[in-house]
Amino acid sequence: MVSRFAARVYVLTSEVPRGKVTTYGAIAARMGKPGASRAVGAALRANPTPIVVPCHRVVKQDGELGGYGGPTGTGRKAALLRKEGVAVRGGRVDLSEYLFTWR
DNA sequence: GGAACGGCTAAGG
DNA sequence: GCCTTAGCCGTTC
């Protein structure tokens, strides 16, 4: 059973198209709680469907990949994003090009 | 039911 | 420019 908040996070995350990324803050703001960036992270951390929910498309506000399960997860995330067409360099993403928002 | 933790963010030092 | 402090919110123990 997933919380309503988490469910919304998953939906928004899955809304992000391939080759684009979003930020925790953006998701939080989108759900009406701009300060719930950590909560978003918590929800994604509890992500019950990692395949359906592309949690790897969520990065920090700074463009940094942030975390992903463990220290090695970040590397995996970068590789994954690259596969999707996102240029990850130095463990970071160019938000000015790949940042996706819901308006 | 309550305390601690975390995949954050922004502001100070 | 890097590290510390404070705030915010949901999940987990």
Side-chain angles (χ1 to χ4, degrees):
Chain A
M1 183 55 181
V2 291
S3 295
R4 210 210 194 60
F5 247 88
R8 191 129 10 135
V9 173
Y10 303 145
V11 173
L12 290 171
T13 305
S14 53
E15 288 285 315
V16 180
R18 178 164 148 299
K20 289 269 188 177
V21 297
T22 189
T23 67
Y24 300 95
I27 295 173
R30 177 70 219 237
M31 50 177 53
K33 294 183 189 261
S37 49
R38 296 196 91 171
V40 174
L44 284 172
R45 186 191 189 231
N47 182 5
T49 54
I51 298 96
V52 181
V53 181
C55 29
H56 56 272
R57 279 184 206 158
V58 186
V59 298
K60 288 203 199 170
Q61 189 67 30
D62 199 335
E64 203 176 345
L65 297 187
Y68 192 73
T72 55
T74 318
R76 239 178 314 131
K77 187 172 179 177
L80 220 57
L81 287 171
R82 272 199 200 182
K83 264 190 189 175
E84 300 195 341
V86 179
V88 182
R89 325 168 27 135
R92 289 203 37 185
V93 182
D94 189 347
L95 294 179
S96 54
E97 274 193 70
Y98 301 105
L99 177 61
F100 170 81
T101 58
W102 293 269
R103 285 153 287 192

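Predicted model, so just to flag it, every value in this text is computed and none were measured. Each chain gets a letter, A, B and so on, in the order the sequences are listed, and its residues count up from 1.
Heavy-atom distances under 4.0 Å link DNA chain B to A:Tyr24, A:Gly25 of residues 8-30 of chain A, given in residue order. Of the residues in residues 90-103 of chain A, not one comes within less than 4.0 Å of DNA chain C through any heavy atom. Within residues 57-87 of chain A, the residues having any heavy atom under 4.0 Å from DNA chain B are, by residue number, A:Val58, A:Lys60, A:Gln61, A:Gly67, A:Tyr68.
Nearest heavy-atom pair across A:Ala36 and A:Ala28 is C-CB, 3.6 Å. Contact record, A:Pro48 with A:Val2: CG-CG1, 3.7 Å, taken as the closest heavy-atom pair.
Within the model, atoms OG of A:Ser14 and CD1 of A:Ile51 stand 13.5 Å from one another, a figure rounded to the nearest 0.5 Å. Going from atom OH of A:Tyr98 over to atom OG1 of A:Thr22 covers 15.5 Å, rounded to the nearest 0.5 Å. The structure places CH2 of A:Trp102 at 4.5 Å from CD1 of A:Ile27, a figure rounded to the nearest 0.5 Å. Taken from CG in A:Leu65 to NZ in A:Lys77, the straight-line distance is 5.5 Å, to the nearest 0.5 Å. The structure places CZ of A:Arg76 at 6.0 Å from OH of A:Tyr68, a figure rounded to the nearest 0.5 Å. With values rounded to the nearest 0.5 angstrom, A:Leu95 atom CG is found 10.5 Å from A:Glu97 atom CD.
Formation of a donor-acceptor pair under 3.5 Å by the A:Arg82 side chain with backbone atoms of A:Ala87 is not found in this model. In terms of modelled atom types and a separation under 3.5 Å, the side chain of A:Arg57 and the main chain of A:Val16 share a donor-acceptor contact. Put simply, the side chain of A:Thr23 gets close to the backbone of A:Ala26: a donor and an acceptor are under 3.5 Å apart.
Salt bridge absent: A:Arg89 and A:Asp94 never bring a charged side-chain N and a carboxylate O closer than 4.0 Å. Classification of A:Lys20 and A:Glu84 as a salt-bridged pair fails, no side-chain N sitting under 4.0 Å from a carboxylate O.
The list of salt bridge (Lys or Arg N to Asp or Glu O under 4.0 Å) pairs with a residue in residues 35-46 of chain A, not counting sequence neighbours, is empty.
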- Stepwise side-chain contact (heavy atoms from CB on, under 4.5 Å) check, A:Asn47 with A:Tyr10: CA-CA 8 Å; A:Asn47 182 5; A:Tyr10 303 145; 4.2 Å; yes
Return the polar atom pairs (N/O with N/O) between nucleotides 3-10 of chain C and the protein under 3.5 Å, or none.
residue: C:dG7; atom: O6; partner: A:Arg38; partner atom: NH1; Å: 3.1

- Item | 5'-to-3' dot-bracket of DNA chain B (Watson-Crick, G-U; under 3.5 angstrom; crossing pairs as [ ]; | other strand) | .|||||.||||||
